[in-house]
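The analysis underlying the following values was restricted to heavy atoms, covering all of them including side chains, and did not include hydrogens, waters or symmetry mates. The model shown is predicted, which means the values in this text are computed figures rather than measured ones.
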Amino acid sequence: MLLLAVVTARPADQALYPPAEGAPSVPVHVVSHGWHSGLVASRDALRASAERQGLGRLVAILDRFAGYPFTELGWGEERFYQETPTTADLNLASALRALFRPGNTAVLHVVGLERAAPLVFRRSDVLAVRLSERGFDRLVRFLDASIKPDATGLPHEIGRGLYGPSLFYAATGTFSLLQVCNHWVARGLGEAGLPYAPVLAVHPVPSFADLEWRAGALRLPAR
């Protein structure tokens, strides 16, 4: 496994990350919820980038969360994600089905946050990274591409989310052991120029360690 992790690891794109000294940058937080991780950023920054790039699906979702300064986005298997808000709710049969049955439908989970991630998720592991403006734009394109449109081209709202002001939306891609929620987070950061190791991205613990070691992400202390 260690050899496979090394062989498949992708280095940072130095044209995108880290931001050049003195150049503008955009802060992003990565949050671990135990078995699942998500991305948190300023709603205004996300919307401005999406609107500038003509990414209407993401703009439409962010407009649903107007009034919340920060937005958390996560991706996962439709049934398992909605049935498992915490590790205490884990159902082994449902987890095995999500991991090993091919072609599982995916959903996007979007949450409006009134405060920055470290102040909201006080008991969670939180990493802080700063993306270059170009890198952030690429992350935003990745997020928009993760939204599966309905017949009219708009985001397909599925239902209420897991906590706070949150909603589930239909998402692109399929969920399996080879493509879990943490892979999605790591791939998004990879689009922004950060290093990406798919083997380590299976779970937040090794994924966070990799981001700290190779990307210089800052682990924030619990508050």
Side-chain angles (χ1 to χ4, degrees), residues 13 16-17 26-31 33 36-82 85 98 103-114 116-117 120 129 131-176 178-194 196 201:
D13 183 343
L16 297 171
Y17 185 86
V26 184
V28 171
H29 289 107
V30 191
V31 181
H33 298 290
H36 170 85
S37 57
L39 295 167
V40 179
S42 158
R43 192 202 75 93
D44 287 347
L46 288 167
R47 195 190 184 286
S49 176
E51 186 172 38
R52 185 171 63 250
Q53 299 181 82
L55 305 176
R57 294 192 297 268
L58 186 56
V59 168
I61 287 178
L62 292 169
D63 283 349
R64 292 279 276 125
F65 292 88
Y68 294 95
F70 300 93
T71 306
E72 182 191 24
L73 300 103
W75 179 95
E77 199 271 335
E78 181 177 18
R79 180 176 162 187
F80 180 76
Y81 204 165
Q82 295 182 76
N104 294 300
T105 303
V107 290
L108 195 69
H109 187 240
V110 185
V111 188
L113 303 177
E114 294 183 347
V120 175
V129 296
L131 305 181
S132 65
E133 289 187 325
R134 284 181 57 211
F136 185 72
D137 282 348
R138 286 172 60 98
L139 172 61
V140 170
R141 289 201 296 273
F142 172 83
L143 297 175
D144 183 78
S146 298
I147 303 166
K148 186 177 182 179
D150 61 17
T152 67
L154 295 173
H156 179 97
E157 184 179 314
I158 293 175
R160 189 169 181 174
L162 299 179
Y163 46 82
S166 58
L167 294 168
F168 279 109
Y169 292 88
T172 58
T174 57
F175 187 99
S176 72
L178 300 178
Q179 190 60 247
V180 301
C181 52
N182 305 302
H183 284 123
W184 180 84
V185 167
R187 281 176 51 225
L189 294 173
E191 287 294 316
L194 277 71
Y196 172 46

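Between the T172 side chain and the A145 main chain, a donor and an acceptor come within less than 3.5 Å of each other. Judged by distance alone, the side chain of R57 and the main-chain N or O of D144 form a donor-acceptor pair under 3.5 Å. R47 places no side-chain N or O within donor-acceptor distance of the main-chain N or O of D63, the cut-off being under 3.5 Å. No donor-acceptor pair closer than 3.5 Å links the side chain of W75 to the backbone N or O of L143. Looking only at distances, no side-chain donor or acceptor of R134 sits under 3.5 Å from a matching main-chain atom of L16.
A distance of 11.0 Å separates OG of S42 from CG of L113, quoted to the nearest 0.5 Å. Atom CZ of F175 is separated from atom OG1 of T105 by 12.0 Å, given to the nearest 0.5 angstrom. Remark: F70 CZ to R43 CZ distance equals 12.0 Å, nearest 0.5 Å.
Here the closest non-hydrogen pair linking H109 and L162 is NE2-N, 2.9 Å. The shortest non-hydrogen separation linking H36 to G74 is NE2-CA, 4.1 Å. Shortest non-hydrogen contact noted between R138 and E191 is NE-O, 2.6 Å. The shortest heavy-atom contact between L108 and W184 is CD1-CZ2, 3.7 Å. When every heavy atom of S49 is checked against every heavy atom of D137, the shortest pair comes out as OG-OD1, 2.6 Å. In terms of heavy atoms, G173 sits closest to A106 at O-CB, 3.6 Å.
When each of V26, L194, L39 is checked for a side-chain contact (heavy atoms from CB on, under 4.5 Å) with V129, only L194 meets the rule.
Screening residues 145-162 for salt bridge (charged side-chain N to carboxylate O under 4.0 Å, His left out), with sequence neighbours left out, gives R64-E157.
Between L55 and R141, some side-chain heavy-atom pair lies under the 4.5 Å cut-off. Two residues are said to be in side-chain contact when any heavy atoms from C-beta on lie closer than 4.5 Å; Y68 and V111 fail this criterion. Side-chain contact between L46 and L73 is present, with heavy atoms from C-beta onward closer than 4.5 Å. Here the side chains of L167 and F65 are in contact, with some heavy-atom distance below 4.5 Å.
For A201, the side-chain contact (heavy atoms from CB on, under 4.5 Å) partners are H183, A186, Y196, S207, not counting sequence neighbours.
The aromatic rings of H33 and Y163 lie tilted to each other, with the angle between the two planes from 30° to 60°.
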